[in-house]
Structure formats: structure tokens, C-alpha cells
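Comments concern the structure below.
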Amino acid sequence: MSYNKVLTIQDISCVGQCSLTVALPVISACGIETCVLPSAVLSTHTAGFSGYTFRDLTDDMPAIKDHWIKEGIKFDAVYTGYLGSTKQIEYVADIFDTVGNDRCLNIVDPAMADNGKLYPGFNAEFVEAMKGLCAKADYLIPNITEAAMLCDMEYKTEYDAAYIDEILVKLTALGAKNIILTGISYNKGKTGVVVYKKGDYQYYEHDFLPNSCHGTGDIYASAFTGALLRGKSAYDSAKIAADYVLECIKATAEEENHWYGAKFEPVLYKLIEALKQ
Ligand code: PXL
């Protein structure tokens, strides 16, 4: 088995089962060395809690990167999630250019919006800057809200294949090489993920579970990254990640008041088993 080292850049929400507290265990469980660059430290995530603390780590980023350069540290992949400021996007673009090895994969989850709305604290300027990061993405993993915003298109909850096609073409025009578009539903009771590369379209459809929970986007992107770096194809990685997220949602649904995140830990072994096949 080849050994890979990934750098993931996203926040630490101390409580909330999202971002780094998901990426670190999930990617490590996939057998991948996982290095981190925290974009911010929050007491909790911002979806449903109020009065959370927010320590922006933007100003620490250049010195951290410079130290890695001095030490000759390079990564096989850089995977970005929730970023703490617009300025940070610039720094992350530079990190892509300087600490990746010559086969480094840039994986971008433009974690900034869901259900038609930006997360608290983000604005149009952030979306514009995120378009620039998408241009550097070997793999871009947006949900449909983020995709519509990145394409300056209307967000729709009901759509046809032509709407999704337009999104895929526009994201490709931004510069993203492979697009993994999550939460795409063409049939009632079903949803799925589109895997797209320059006109080559694949779709994995699975059951839609009504009790969706917070943080599943981060679980999805982390499991996708882990599977991809284990040598799975983009389609197989997209499928493995989708199946794992379904297991996480089912595990969470057993307890009514676990509202802030998905219980991904008890079913982590299922992700590891899927990687063996
Ligand atoms: O799951 C995405 C995410 C990550 N980090 C923080 C968030 C959110 C979504 O709300 O608030 C801090």
C-alpha cells in the first residue's frame, strides 16, 4: 500500500463534530498521515449554537508555511475546508503552490453555505475569493448551494439535468478539474452525487434520509479524500464516502437530541471495511 501524507486546512470547532475534529480521525482511519493547519479555533461550530468564540488564525499561516518550507516538508495532497477569512484564501492558494510535492492533489471543499444560505460571517467577497481557489482544485467538492453561488446561478431545490449540467460546465470553466457535486436529487426519496470531469458524467444515486444532520459535508469530503489517497477512483471514492455518510446519519437518528453533528465514530469501521474491497 502506498503511503500518503495529506495536509488539511480548516477550523477547529472544539465541540460540534465537524471540520478538523472529523477530518483528522476519518482520514487517519483511512490509513493516511494527516497533518493539520487550523484556520480558526471556535468553541463550537456556528450552526445552531449562539455566543461561540472565534479565534482567527489567518496571521499565523505565513510563518507556519515558511517553517515547513525551511524543513523541506511536502505533502501528497492538500485538502481545504472551512476557512476563517477572505485573506486566508490567498494564503491557502500560496500553500497549494509551495508545499505540495510534484504529484500533489488539491482538494477543495468550499465549505461556506448550505440550504441556499451562506454560513454566518461569510459574504459576497468571500464567495468571489473562493472562485479563485476553485481554479486550483484538482477535486472540488461543493454542495448544490455552494455550487450555485460559485456559478452566480439561482439556488433551486427542484431542478432538471440541464440546470446541473450548466453548473458543471461553469465550475469547469472556473478551473476545477474534477467536480464531486453532492446532494443531487432527481427522484423523490433518492439523492446522490455527481462525479464530473470535462463532459464525462457519472452519478451515484442512493436513498435520501430525511433526518439529515450537521457536519455531514465535512464527513463526506474527509472520507472522499481518504479513499482517493488510498488509490480508489474518483467514482469509487465518491460512492464509499456517500455510503459512509448514510451510515453516520442512521447511527445518529437513533438518538433524537444529538442535533449538532453526526455520530461518525461508531461506524468508522464500516468505512475501513469499504476501503478493503
Ligand atoms: O461543517 C461546516 C462548518 C465548519 N466549521 C464551522 C462551521 C461549519 C458550518 O456551519 O460553522 C465553524
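Taking the side chain as every heavy atom from C-beta outward, Ile12 and Pro38 approach each other to under 4.5 Å. At a threshold of 4.5 Å between non-hydrogen side-chain atoms, the residues Ile180 and Val193 count as touching. Side-chain contact check for Tyr196 versus Leu181: every heavy-atom pair is 4.5 Å or farther apart. Looking at heavy atoms from C-beta onward, Ile89 lies in side-chain contact with Met130 at the 4.5 angstrom threshold. For the pair Ile32/Lys5, no side-chain contact is recorded, criterion being any heavy-atom separation below 4.5 Å from C-beta on. Taking 4.5 Å as the limit, some side-chain heavy atom of Pro110 sits within range of a side-chain heavy atom of Leu140. At least one side-chain heavy atom of Asp109 sits under 4.5 Å from a side-chain heavy atom of Glu146. Proximity of Leu118 to Thr145: side-chain heavy atoms (C-beta onward) are nowhere separated by under 4.5 Å.
Looking at Lys263 and Glu255, a side-chain N of the basic residue comes within less than 4.0 Å of a carboxylate O on the acidic one, giving a salt bridge. Salt bridge status for Asp66 with Lys70: absent, with no side-chain N to carboxylate O gap under 4.0 Å. By the 4.0 Å N-to-carboxylate-O rule, Lys276 lies too far from Glu273 to be salt-bridged with it. Using a 4.0 Å cut-off between charged side-chain N and carboxylate O, Lys131 and Asp152 make a salt bridge.
Looking only at distances, a side-chain donor or acceptor of Thr53 sits under 3.5 Å from a matching main-chain atom of Ser43. The backbone N or O of Gly189 lies less than 3.5 Å from no partner atom in the side chain of Thr191, so there is not a single donor-acceptor pair. The main-chain N or O of Cys18 is found under 3.5 Å from a side-chain atom of Thr21 such that the two form a donor-acceptor pair. Under a 3.5 Å cut-off, the side chain of Tyr159 and the backbone N or O of Ser185 do form a donor-acceptor pair.
Tyr82 and Phe122 have their aromatic ring centers within a separation under 6.0 angstrom. Aromatic ring centres of Tyr139 and Tyr79: separated by at least 6.0 Å. Taking the six-membered ring wherever Trp is involved, the centroid distance between the rings of Tyr244 and Phe264 does not fall below 6.0 Å.
Across all non-hydrogen atoms, the minimal contact from Lys74 to Gly100 is CD-O, 3.5 Å. In this structure, Glu154 and Ala148 approach most closely via the heavy-atom pair O-CB, 4.0 Å. Closest approach of Tyr203 to Tyr201, counting heavy atoms only: CB-CE2, 3.9 Å. Smallest separation of non-hydrogen atoms from Pro62 and Tyr91: CG-CZ, 3.6 Å. Smallest separation of non-hydrogen atoms from Ala113 and Asn143: O-ND2, 2.9 Å. When all heavy atoms are compared, the tightest approach of Ala111 to Gly81 is CB-C, 4.0 Å.
In this structure, the separation between CG on Asn106 and SG on Cys134 is 11.5 Å, given to the nearest 0.5 Å. Rounding to the nearest 0.5 Å places CD1 of Ile144 at 11.0 Å from CG of Asp114. For the atom pair NE2 (His258) and CD (Glu254), the distance works out to 11.5 Å, reported to the nearest 0.5 Å. Rounding to the nearest 0.5 Å gives a distance of 10.5 Å between CG of Asp236 and CZ of Phe224. Remark: Lys87 NZ to Asp56 CG distance equals 12.0 Å, nearest 0.5 Å. Put simply, NZ on Lys156 and CD1 on Ile164 are 9.5 Å apart, with the number rounded to the nearest 0.5 Å.
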Worksheet item: How far apart are the C-alpha atoms of Cys213 and Ile249, what are their side-chain angles, what is the distance that settles it, and do they pass the side-chain contact (heavy atoms from CB on, under 4.5 Å) test?
Response: CA-CA 7 Å; Cys213 30; Ile249 296 173; 4.1 Å; yes
Fill in: CA sep, side-chain torsions, deciding dist, call: Leu57, Arg55, side-chain contact (heavy atoms from CB on, under 4.5 Å)
CA-CA 6 Å; Leu57 297 178; Arg55 166 84 54 198; 3.8 Å; yes
Worksheet entry | Pair Leu150-Leu171, side-chain contact (heavy atoms from CB on, under 4.5 Å): steps then yes or no | CA-CA 7 Å; Leu150 290 167; Leu171 290 176; 3.9 Å; yes
Item to complete: Please test Cys14 against Leu42 for side-chain contact (heavy atoms from CB on, under 4.5 Å), starting from the C-alpha separation and ending with a verdict.
Response: CA-CA 6 Å; Cys14 300; Leu42 295 85; over 6 Å; no
Practice prompt. Would you sort out whether Ser19 and Asp11 count as a side chain to side chain donor-acceptor pair (under 3.5 Å), showing the intermediate values?
Written response: CA-CA 6 Å; Ser19 36; Asp11 71 284; 3.0 Å; yes
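Gln17 and His45 share no donor-acceptor pair across their side chains, judged by distance under 3.5 Å alone. A donor-acceptor pair shorter than 3.5 Å can be found between the side chains of Asn101 and Asp76. Using modelled atom types, one finds a donor on one side chain and an acceptor on the other under 3.5 Å when comparing Gln10 with Thr8. A donor and an acceptor atom, one from each side chain of Asn4 and Glu33, are nowhere located under 3.5 Å apart. A donor atom on one side chain and an acceptor atom on the other are not found under 3.5 Å apart for Ser13 and Thr44.
The environment of NZ in Lys190 is crowded: more than 12 heavy-atom neighbours from other residues, nucleotides or ligands sit within 6.0 Å. Remark: Lys197 NZ is loosely packed, at most 12 non-hydrogen atoms of other residues, nucleotides or ligands lying under 6.0 Å away.
No chain of hydrophobic side-chain contacts below 4.5 Å, direct or via other Ile, Leu, Val, Met, Phe, Trp or Tyr residues, connects Val108 to Val195. Hydrophobic clustering (side-chain heavy atoms under 4.5 Å, transitive across Ile, Leu, Val, Met, Phe, Trp, Tyr) groups Tyr204 together with Tyr220. Hydrophobic clustering (ILVMFWY, side-chain heavy atoms < 4.5 Å, transitive): Ile69 and Phe75 are in one cluster. Ile107 and Val26 fall within a single hydrophobic cluster, where Ile, Leu, Val, Met, Phe, Trp and Tyr side chains are chained together by heavy-atom contacts under 4.5 Å. In the hydrophobic cluster analysis, where Ile, Leu, Val, Met, Phe, Trp and Tyr join through side-chain heavy atoms closer than 4.5 angstrom, Leu133 is grouped together with Met61.
Geometrically, Lys136 does not engage Phe96 in a cation-pi contact, judged by NZ or CZ lying under 6.0 Å from the ring centre and within 45° of the ring axis.
The residue from Asp59, Thr80, Thr58 that alone fulfils the side chain to side chain donor-acceptor pair (under 3.5 Å) condition with Gln88 is Thr58.
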